[in-house]
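Notes to accompany the following structure.
Note that the coordinates shown come from a computational prediction; the quantities given were computed from them, not determined experimentally.
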Amino acid sequence: MTSIGPKCQEILLVLVLFMMFILPTAYVITGIFILVDDSDIYNECQKTTDLHIYVILSIFAFFINLCCYNSFEKERIMFFPVNLLLLIEITLIVWGFVEIFYRIDGCPGLKYSNLYIYAIITVFIQIVFLTAVLVKEYMIECKKSEVRPIDL
């Protein structure tokens, strides 16, 4: 069995810290700056699209998912049932697709803005999270709980 050297351990630790803290923090801070910066564009298009509100709620859901994703248990994630998190994610993904690909045409100034690009990235992150939860909870956990016959 090969052990990891101290340099490799340090590099892995830095990568883990980067993935768990720095990237999510940068994502949320960037989202807040984009929301503030593109608020004037959104105010012009407030009657035709709710992309701004979608991004705000998605950032809030991202905080909940980030906290819960690190504390998986058998049937609950933190204090949320898994099915509730899945329902929230599916709802946000559908709403995001409607805002990005359907309602955005009513406001040409918002299309291809920073808020629009951030919303596309947000939908992608939500799809990744939904896939991760589905794989963990319904494929890996189901295989662990299968009853196998005993060979005699």
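- The shortest distance between side-chain heavy atoms of I56 and F60 does not fall below 4.5 Å.
- W95 has its side chain within reach of I53: a pair of non-hydrogen atoms, C-beta onward, lies under 4.5 Å apart.
- In this structure, V123 and Y54 approach most closely via the heavy-atom pair CG2-OH, 3.0 Å.
- With sequence neighbours excluded, no residue forms a side-chain hydrogen bond (donor to acceptor under 3.5 Å, both in side chains) with N114.
- Under the side chain to side chain contact (heavy atoms under 4.5 Å, CB included) criterion, F124 pairs with V128, sequence neighbours left out.
- For D38, there are no side-chain hydrogen bond (donor to acceptor under 3.5 Å, both in side chains) partners, not counting sequence neighbours.
- Linking Ile, Leu, Val, Met, Phe, Trp and Tyr residues whenever their side-chain heavy atoms come within less than 4.5 Å places L115 and Y112 in a single cluster.
- S113 approaches I41 most closely through the heavy-atom pair CB-CD1, 4.4 Å.
- Nearest heavy-atom pair, Y116 versus I100, reported as atom, atom and distance to 0.1 Å: CE1-O, 3.5 Å.
- Contacts classified as side-chain hydrogen bond (donor to acceptor under 3.5 Å, both in side chains) and involving residues 12-27 (residues at least two apart or in different chains) are given here: Y27-T122.
- With sequence neighbours excluded, the residues satisfying salt bridge (charged side-chain N to carboxylate O under 4.0 Å, His left out) with E99 are R103.
- Nearest heavy atom pair, residue Y42 against residue T49, reads CE1-O, 3.4 Å.
- Minimum interatomic distance between D40 and D37 (heavy atoms only, all atoms of both residues): OD1-O, 3.2 Å.
- By the rule that hydrophobic residues join a cluster once side-chain heavy atoms approach within less than 4.5 Å of another member, L87 and I90 end up as members of separate clusters.
- For S39, the side chain to side chain contact (heavy atoms under 4.5 Å, CB included) test picks out H52, with sequence neighbours left out.
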Show, in sequence, the C-alpha distance, side-chain angles and deciding distance for L35 and I59, and conclude whether the side-chain contact (heavy atoms from CB on, under 4.5 Å) test is met. CA-CA 11 Å; L35 285 169; I59 289 174; 3.9 Å; yes
